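Only one structure is covered here, and it is reproduced in the block below.
Reminder, nothing fancy here: chain letters follow the sequence lines and each chain counts from 1. Note that the structure is predicted; figures quoted are calculated from it, not measured. Any value given below was found using the heavy atoms of this structure, including those in side chains, with hydrogens, waters and symmetry copies removed.
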Amino acid sequence: MAGSFFKGRFLSLFDYKTEKYIVAKNRKVGLLYRLTQLTILGYIIGWVFLSKKCYQETDEAIQSSVMTKLKGVSVTNTSESGLLLWGPEDYVIPPQGEAVLFIVTNFIETPNQTLGYWIMTGQCLKKDENSNGTCEIYAWCPIERKYKPQEPLLTNAENFTIYIKNFIQFHKFGFSKSNVLEKTDNSYLKKCRYDEVLHPYCPIFRLGDITKRAGYNFQDMATFGGSIGIMIRWDCDLDKSSYCHPQYHFTRLDVSDSKKTIASGFNFRHTRYFKNAAGESYRSLIKVYGVRFHIMVHGKAGKFNIIPTAISIGSGLALMGAGAFFCDMVLLYLMKNGGSYREKKFEKAEITQDNTQEDEECSD
Amino acid sequence: MAGSFFKGRFLSLFDYKTEKYIVAKNRKVGLLYRLTQLTILGYIIGWVFLSKKCYQETDEAIQSSVMTKLKGVSVTNTSESGLLLWGPEDYVIPPQGEAVLFIVTNFIETPNQTLGYWIMTGQCLKKDENSNGTCEIYAWCPIERKYKPQEPLLTNAENFTIYIKNFIQFHKFGFSKSNVLEKTDNSYLKKCRYDEVLHPYCPIFRLGDITKRAGYNFQDMATFGGSIGIMIRWDCDLDKSSYCHPQYHFTRLDVSDSKKTIASGFNFRHTRYFKNAAGESYRSLIKVYGVRFHIMVHGKAGKFNIIPTAISIGSGLALMGAGAFFCDMVLLYLMKNGGSYREKKFEKAEITQDNTQEDEECSD
Amino acid sequence: MAGSFFKGRFLSLFDYKTEKYIVAKNRKVGLLYRLTQLTILGYIIGWVFLSKKCYQETDEAIQSSVMTKLKGVSVTNTSESGLLLWGPEDYVIPPQGEAVLFIVTNFIETPNQTLGYWIMTGQCLKKDENSNGTCEIYAWCPIERKYKPQEPLLTNAENFTIYIKNFIQFHKFGFSKSNVLEKTDNSYLKKCRYDEVLHPYCPIFRLGDITKRAGYNFQDMATFGGSIGIMIRWDCDLDKSSYCHPQYHFTRLDVSDSKKTIASGFNFRHTRYFKNAAGESYRSLIKVYGVRFHIMVHGKAGKFNIIPTAISIGSGLALMGAGAFFCDMVLLYLMKNGGSYREKKFEKAEITQDNTQEDEECSD
């Protein structure tokens, strides 16, 4: 007897239980519900899946390595420094090919500075505006002349080219790629110049083109200096196996939208130290203006994954439930014969009197 | 006939179907269910929406560009180097205004080193601890003297100021901003100093204040060197159009919480090469101690988006379903008259005998 | 009367309403449904919770600070430069211990260059390949000799060691840690070398070991230069309080998978400026080949949080709903006696004639 009881219990596990529905022949609410369903379905398929690709797991933690190399020479002629030839070894600071690099376009050299006590005459009156006017100061003299640059000295800096090598990796998917595409050969790299339309994957950029694409004139920036961001964007869809190409964007970084130039311009000073035959130090102080390029790499990769797909479908279905709840409210409380539907929908469970009373007593 | 059949079929599409419910007049479970609903609703509104802002799409991939400029001078007087004047061109390494920069606060100069074979006497006995004691080595001599610095030589380095220009961008929302707020003018920038309360948006920081906010004394760090992280946090709510301001935090990076100083201190050596009249090289070896500042920018921006809102609402509703399931269990299996409710809730579908048998046969 | 009416209304709020189910004694569909439930449950527990840890809130915006220090010396002997001793102050560029650093392994020095007009003879015929052959050019002469390096000059560069200090922080959880573990002492740090198995937490690496782990021979890379990525991965489970250790990975960055060497090699030029007794400038141009190390830190931390847990459970439950819908379809439309089940499941709400007509009129 007991065996057959448990067998019955076990078999009843495989009885299929399905919710009982009330069919309300109310076409207004029926239409409303179908519209709600269609809207949610359209949203899930169109927006969540096709547009936002919510069926993909994404990796936004892109790892990136950037190397740069400049080419081009320029000649300057100033009274202090004479005729000078500038190669990449001089105008790129620092010279070791980093992702943040500064290109000298203008400079003021103060050669042969020596450190000593100087009786205050003429230029040496005040070292800086915070010091009081004293008769003698200990300073590097001659001090740097006050000079508002009118135009860049390295006139053809806009023709310099920058070769950007960028290597990226998406750790989550074990995917890596370089912006120097594998099909490119050395002869192409020797003569190509980046162009959005004609050569979108050429990794060599003319400086003047970069500033033009950022919306500024190179010569204007070159006088007082400035800062340009070169954004390399990788938007990789790893489901389409080969779709992972770099896109380049250029922005000026030191000027805000409102064109107030409070933070614009870029310059700094560096020195070269020498010693004379007697072993005494002297130096050249060089104030350089120029364009600072900051190569920023960002991007994300997406690949089909069951979890985000399930979450998206799940929450879409839950929204359908919300739609049904909304239509129920309309049917039961806004329709004229809602009361009748309420009676049908909510069936009173008439439990035998004894049990109910027992229950009532407990609940008191 | 067929036409009217399909018409009926089509029209039945717009019959509204709604789940049939059993009303159980059991106040314990009813109260339990209402409480569950209220809890879930409170959690969704209070925590998910108000506190965690789950109705927003977020962009955590902040793009940032940092430029720095130091101001201040210091004078040192040592037997090897004599009286020296240190300006930003000397004490900032590298000088080009990067986000990771080193401020010299202490140094040991070994001037006039020449490269040659040296008979081992005194200091030159062992180049480094791995070499065996030989009579002659090829080395730069005189070698650097062993010296444990007692106090920083650049005594007023804590009064130097650092001007930090930070430009950020959230690509997903096309939003960009600078920490030099647009309303600030040049005269304000000339005299302001960052202060958490009085000048929270002044981008100029006194070095001594930075270390103090990180919980350390500048003079202590200056002797052996150290490393300070300047975190700029951007927590932008783009729904409130203007709410996007930088917040600054300061941490010491080379000392762990347990105060073991195993990884603390910071120094490195660099050189200046000279040639004498005969064209022979000699150099100054300069070991510098100092504070390394690492400006790290992080942050996120949030903006209302229908997808995270739908996901949050959907999963909240699904939780309501879980609540109903839990209350069902209580009602059907824990209440005294659960059996009666079970009978009511699960209506046996009595299918006509013929079909059932057919079905049974198929399932065998 | 009215009071008792509202009291009834209020009390009915606490009536518990539960969906009415139809029990279909169809074991095929019942089994199908149970299987679906088990699959979804298994997926939620096994994959979502145990494997992917979807119950955790994650912080992927790791903040990191890296400091490096090289040790080791090498001697070179060339006709141009004579016998030279290379210490870290010479072969590490830049010297200040950054996360991106270049180690000189090979070099071509062109000493005593002077700037002037040079009658074109021999080597000075063409400055670079883009210039036409003129009789006189203004250039630094003697120009750099064309030279294809055969082997690295700093022969024991592979024995140099690099000490990497990495400090990380997860802002969201207020968690910070260093890769120099707190239990390590100074004597261990003086002699340990990183080894994946024996010393996985020793932060000191032999350069030759790094390239070997990246799959390349150091001497091969040293001749023309190259680029190596040192990835430090932090995968922190903050629920297990102490589980947060660094893992090191090494990749070559300048060679793509297809072994085409188009982007491989790494070199740049830098200069040292001198002045002779007459104050005239001359310089040494040094073209350096070497290995560029890029230390990249990435990682994420996860910690239990109720929101992702709720979202995961919620969407799992919604998937159960989808399973029930699928089984319904099977029962109602694929089973032979589906029609009978349909009639049972969908109960027609027979509303009193008057109301229905009213409703019909409205809907026209």
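Ranked by heavy-atom pairs shorter than 4.5 Å toward chain C, the options Gln63(A), Gln96(A), Gln169(A), Glu343(A) are led by Gln96(A). Annotation: maximal heavy-atom pairing with chain A below 4.5 Å, among Glu19(C), Lys275(C), His270(C), occurs at Lys275(C). Heavy-atom pairs under 4.5 Å with chain A were tallied for Phe266(C), Phe346(C), Tyr273(C); the largest tally goes to Tyr273(C). When Ile306(A), Asp90(A), Leu70(A) are compared by the number of non-hydrogen pairs under 4.5 Å with chain C, Asp90(A) comes out ahead. Counting heavy-atom pairs closer than 4.5 Å to chain A, the top residue among Asp15(C), Asn267(C), Val100(C) is Asn267(C). In terms of heavy-atom pairs under 4.5 Å with chain A, the best-connected choice from His298(C), Lys52(C), His294(C), Arg269(C) is His298(C).
Asn276(C) contributes a side-chain N or O that, together with a main-chain N or O of Gly279(C), makes up a donor-acceptor pair within less than 3.5 Å. Listed for the Asn179(A) side chain is a donor-acceptor partner under 3.5 Å among the backbone atoms of Asn166(A). The main-chain N or O of Leu83(A) is found under 3.5 Å from a side-chain atom of Tyr138(C) such that the two form a donor-acceptor pair. No side-chain donor-acceptor contact under 3.5 Å links Lys345(A) to the backbone of Ile22(A). Lys165(A) places no side-chain N or O within 3.5 Å of a backbone atom of Val66(A) that could act as its donor or acceptor partner.
Only the side chain of Cys54(C) comes within contact range of chain A, with heavy atoms under 4.5 Å apart. Residue Ile286(C): no heavy atom, backbone or side chain, is found under 4.5 Å from chain A. With a 4.5 Å cut-off on non-hydrogen atoms, Val29(A) does not touch chain C at all. Only the backbone of Ser64(A) comes within contact range of chain C, judged by heavy atoms closer than 4.5 Å. Phe325(C) does not touch chain A: none of its heavy atoms, backbone or side chain, sits under 4.5 Å away. Only the side chain of Met231(C) comes within less than 4.5 Å of a heavy atom of chain A; its backbone N, CA, C and O stay farther away. For chain C, the nearby parts of Leu84(A) are the backbone and the side chain; heavy atoms of each come within less than 4.5 Å. Contacts between Ile93(C) and chain A at a heavy-atom distance below 4.5 Å involve backbone atoms as well as side-chain atoms. If you measure heavy-atom distances from Arg292(C) to chain A, the contacts under 4.5 Å come from the side chain alone. Proximity to chain A (any heavy atom under 4.5 Å) is restricted, for Lys17(C), to the side chain, taken from C-beta onward. With a 4.5 Å cut-off on non-hydrogen atoms, Thr18(C) does not touch chain A at all. Only the side chain of Leu331(C) comes within contact range of chain A, with at least one heavy atom under 4.5 Å from a heavy atom of that chain. In this structure, no portion of Glu60(A) lies under 4.5 Å from any heavy atom of chain C. Of the two parts of Glu98(A), the backbone and the side chain both hold a non-hydrogen atom closer than 4.5 Å to a non-hydrogen atom of chain C.
Using cut-offs of 30° and 60° for the angle between ring planes, the Tyr55(C) and Phe49(C) rings count as parallel.
Remark: aromatic rings of Phe268(C) and Phe102(C) are close, center separation under 6.0 Å.
Residues Ser74(A) and Tyr91(A) have side chains not in contact (no heavy-atom distance under 4.5 Å, counting atoms from C-beta outward). Side chains of Ser176(A) and Phe170(A) form no contact here, defined as non-hydrogen atoms less than 4.5 Å apart.
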- Task: For ring-ring contact (aromatic ring centres under 6.0 Å, His included), just list the numbers for Tyr33(C) and Phe14(A), CA-CA rounded to whole Å, side-chain angles, deciding distance to a tenth of an Å, and then say yes or no.
- Result: CA-CA 8 Å; Tyr33(C) 184 57; Phe14(A) 298 105; over 10 Å; no

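Surrounding CD of Glu80(A) are more than 12 heavy atoms belonging to other residues, nucleotides or ligands, all under 6.0 Å away.
Ion pair Glu347(C)/Lys20(C) not flagged as a salt bridge, since none of the NZ, NE, NH1 or NH2 atoms sits closer than 4.0 Å to an Asp/Glu carboxylate oxygen.
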